[in-house]
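So the structure is just underneath, and the comments pick up after that.
What you see below is based on every heavy atom in this structure, not just the backbone, and it leaves out hydrogens, waters and symmetry mates.
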Amino acid sequence: GEILAMGSRPSFNPAAPEKAGESDWKNRAIADVYEPGSTFKPCVIAWAMQQELLEAEERIHCENGVYRMGRRTLHDHHPYGELSIVEILAKSSNIGMAKIGERLGNEGLYQGVTAFGFGRPTGVELPGELSGILHPLEKWTSYSTGSIPMGQEISTTPLQIITAYGVLANGGKLIVPRLVKAVGDEEVAPVVSQIVSPEIAKWVVREALTQVVEKGTG
């Protein structure tokens, strides 16, 4: 949770602030928002495993690339049959993620999204931090059940996604990012919340995310 460095471009010369453009003052790490897309998927998988709705060794049929959810038809980049959870991440199967979303339901998905820190400022000691975009649960629809697990319908700041990945790296603990470690001789205690079990966090990092890096996404 300790922020060792943070940069933003375009920048400006502090000695000549009058020459800076309006966008040059923006700290993009905390004030730019974007749909996280597939980078969001590991958080959903970890949360579904935490809720005991998903097992590490199971396989999910991805409908050969076409899946009907109500009035909506989802597609994958390639027609996949049965995929393991690791393969769903490595191949970035939207259909596999949508099926996990159906298990969680909108309420379970919403709980997971907020547990990982999305939809609110991280609490870092910087002015101008945005909370991202997370619509209230009552505004979610059947489309949300498939879209949210793909990292759509929400927006996040770069620092929020880094903080969420920190949950997986820190044994399932969400640590509020901080710039100040100590004041004088007194250390500032970090704010920590246990989101998923250490075993689940370890599995997602060592098994699933390692495969994503090695194989790339679909």
I need the full list of salt bridge (charged side-chain N to carboxylate O under 4.0 Å, His left out) pairs touching residues 147-165, with sequence neighbours left out, sorted by first then second residue. none
By ring-ring contact (aromatic ring centres under 6.0 Å, His included), which residues pair with W140, not counting sequence neighbours? Y110
Check: H61 and N64 side chains under 4.5 Å, non-hydrogen atoms: yes
Which of these, L109, L53, L54, sits in a side chain to side chain contact (heavy atoms under 4.5 Å, CB included) with I100? L54
Which residue pairs pass the salt bridge (charged side-chain N to carboxylate O under 4.0 Å, His left out) test with at least one member in residues 44-61, sequence neighbours excluded? E58-R103, R59-E82, R59-E87
May I ask you to list the residues sharing a hydrophobic cluster with L74, side-chain cutoff 4.5 Å, ordered by chain and number? Y67, M69, I95, M150
Which side-chain N or O atoms in residues 184-195 pair as donor and acceptor under 3.5 Å with protein atoms at least two apart or in another chain?
| unit_1 | atom_1 | unit_2 | atom_2 | d |
| --- | --- | --- | --- | --- |
| Q194 | NE2 | G171 | O | 3.0 |
| Q194 | NE2 | V196 | O | 2.7 |

Group every Ile, Leu, Val, Met, Phe, Trp and Tyr by side-chain heavy-atom contacts under 4.5 Å, then state whether I154 and Y165 land in the same group. yes
Could you work out, with side-chain contact (heavy atoms from CB on, under 4.5 Å) as the rule, every residue matching A15, not counting sequence neighbours? N13
Under a single-linkage definition using a 4.5 Å side-chain heavy-atom cutoff for Ile, Leu, Val, Met, Phe, Trp and Tyr, are V66 and L83 assigned to the same hydrophobic cluster? no
According to side-chain contact (heavy atoms from CB on, under 4.5 Å), who are the partners of A169, at least two apart in sequence or on a separate chain? none
Just grab all the ring pair (Phe, Tyr, Trp, His ring centres under 6.0 Å) pairs involving residues 15-54, residues at least two apart or on different chains. F12-W25, F40-F118
Any pair with a residue in residues 62-74 that passes salt bridge (charged side-chain N to carboxylate O under 4.0 Å, His left out), sequence neighbours left out, goes on the list, sorted by first then second residue, please. E63-K99
Residues that S23 engages under side-chain contact (heavy atoms from CB on, under 4.5 Å), provided they are two or more places apart: P10, R28
Of all residues at least two apart in sequence or in a different chain, which pass the side-chain contact (heavy atoms from CB on, under 4.5 Å) check with P177? I3, T122, V124, L159, T163
All pairs passing salt bridge (charged side-chain N to carboxylate O under 4.0 Å, His left out) where residues 119-141 contributes a residue, at least two apart: none
